[in-house]
Amino acid sequence: MERLSTGIAQLDTILGGGLPRQSVNIVMGLPGSGKTILAQQLAFANGTAERPALYLTTVSEPLAKVVTYLQELEFADVARLGSDVRYESLAATLRERPEGLTDAVAELLQEHRPGVIIIDSFKATMDLIPNPARWRNTVFDLAGLLTAYDVLGLWVGEYPHEAVAQLPEFAVADGILEMRRTQIGSRDDRFLQVIKLRGSGFRDGEHAFTLSRRGLTVFPRLVGPPAGRYEPAMERLQTGIDGLDAMIESGWLRGTSTLVVGPSGAGKTMLGLHFLRHGVEGGEPGLLVNFQESPSQLLRAMKSLRWATDELLRPTGLDVFYTSPVELQIDTIIQEVMQRIERQGVRRVVIDALGDLEKAAGDASRFSDYIYALTQELARRRITSLLVLEGPGTTVHGQIRPGTDVSYMSDNILLLSMDLDDDLSRNIRIVKTRGSAHDGTRHRLRINARGIVVE
Amino acid sequence: MTLASLNRQVMPHEPANPREGRALILVVEQDPQMRRLERFFLEQAGFGVEFAADGREGLALAQRLVPDIVVAEILVSGMDGLSVCRALKADPATRAIVVLIFSILAAEQRALAAGADAFLRKPLDDTRLVKSVEALLARHHRGREGRADGAP
């Protein structure tokens, strides 16, 4: 099936390569969700002088307004207007005789011979034909016209989600794309979802996107491996903390994920840094995803341990991705993580901490989905990871904290605890390992001038 | 012979109609939106266009009008487009009519096996349709001239 690009690379990926060239599609969503920008990107990506993109406005927005705002968008080359991309208004026709829609579109189609035809807003047209039977006929005729001609049709409308099951246009459409906007805390998040795409696979679920002058930037949702489990490689690697490595046969299995749980101050971040440093020393590039400490704070901490930071932070060594979880969506963060992993050939990853990602996810089930997909993807790539999880406050008998349970998704769990008796003492124990014999007893963890020592 | 190679044989400004007056096209098609587009683009290209909405009417009209070319969809009621084509090609009175099967179905082999001169898949791309019709008529015309000159 031949496809046309939407002009948005990541959306094309979600659609399995773009929209089928000969199809009728609906882009739906409430006002302000980004529908018109998406439609305009499609228009500019496909319009040529021979087979232009024809953009038909109806009675929701004056043509002049659409074109005025269009010029604010970087992809909209005004020099191409009138040749590659042509705007026409159906307002006069529709006000006079709404049922004349198909005739009006046919005349424009014969005149312009477009490769893409967009009607925005299609729903506003429906509002002019309140009789359901007459609206059904109009939709049927128009779909027939667009199917007869070699053209991609896109109907844009401010439909609520429930409309999909009720209105005839959704039954005739080959593809349906829904755009949503939600408030999570103080943040405004946007998602799009493919509801239907005839004759084609697509990536399901909600995909985050952002809007800017460049148009839409879409972050496809991570998907778990297609089938089967990925068995960890039977290769052992070390954390660089001798006492800890001795607790679990001769080290951790490559490609596994380890949850490091404990209260603030128990040594979780430092344990992660040891793990990454040991990898870099052995020629394995590492990535620290860090929401807690700024790069300068981190550098100071490593320097105080007299680690060779220049050597450690060299381009093929340790990459630090520091970001504020308040400003970013989880999709954006995870996409950046995967890009850095690919770019640097990363073999070891530390995420510090999961709680921040949970905040960025907004809700618990979304968070679980992401962590599951992430750990599966890392396992598939044979990347060994440590996921730091902030436990409850100072505790004698540390418990894995209630709330979103991600413990079942990790291969190993390390529990760090602190006793505040006369002296502060730190402890570590292994509570779970997959595929390894381990010492489950409590060991003393000390932090000295050079880092962590486990006794 | 493929349509692409046919198209290459036609000079860009070669007249659409080798005979005096307009060439007549009979379109066998029942979809109203498709008929609307076929009428517009074929008339715009200078052809005379007649329509039949089903296969039986198409065959009867072809026998009566003897058009230069029949453009037929396979999926029409009464008698399918391929049967119309076979009937036209079996009758010495209509054998010379060029038949273009223009269908929603991917049926090139079946069309050629039924004796069609060419096959074109829908949807309608006006450039391809008009060029195909022009190329078929030009070839047909050359064939006639060849016979008139006594060439093989």
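All of these numbers come straight from a predicted model, not from anything done at the bench.
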So does B:R95 have more than 12 non-hydrogen atoms from other groups sitting under 6.0 Å from CZ? yes

Hey, what do you get for CG (B:D125) to CZ (A:R51), rounding to the nearest 0.5 Å? 5.0 Å

Is there any residue in residues 124-152 of chain A with a non-hydrogen atom under 4.5 Å from a non-hydrogen atom of chain B, and which ones are they? A:D141, A:G144, A:L145, A:T147, A:A148, A:Y149, A:D150

Sort by residue number and list every member of residues 84-93 of chain B having a non-hydrogen atom under 4.5 Å from chain A. none

Rounded to the nearest 0.5 Å, how far does CZ of B:F40 lie from CD of A:E107? 9.0 Å

Are B:Q33 and A:T102 close enough, and set up right, to give a side-chain contact (heavy atoms from CB on, under 4.5 Å), and what steps lead you there? CA-CA 9 Å; B:Q33 303 301 340; A:T102 303; 3.8 Å; yes

Rounding to 0.5 Å, atoms CD (A:Q110) and CG (B:L37) come to a distance of 5.5 Å

Pairs of donor and acceptor atoms involving the side chains of residues 58-65 of chain A, under 3.5 Å and at least two apart or interchain, shall be tabulated with distances.
unit_1	atom_1	unit_2	atom_2	d
A:T58	OG1	A:S121	N	3.1
A:T58	OG1	A:S121	O	2.6

Contacting moiety of A:Q22, where chain B heavy atoms sit under 4.5 Å: side chain

More than 12 heavy atoms from other groups under 6.0 Å of CZ on B:R110: no

Does A:E74 have any side-chain contact (heavy atoms from CB on, under 4.5 Å) partners at least two apart in sequence or in another chain, and if so, which? A:R213, A:R214

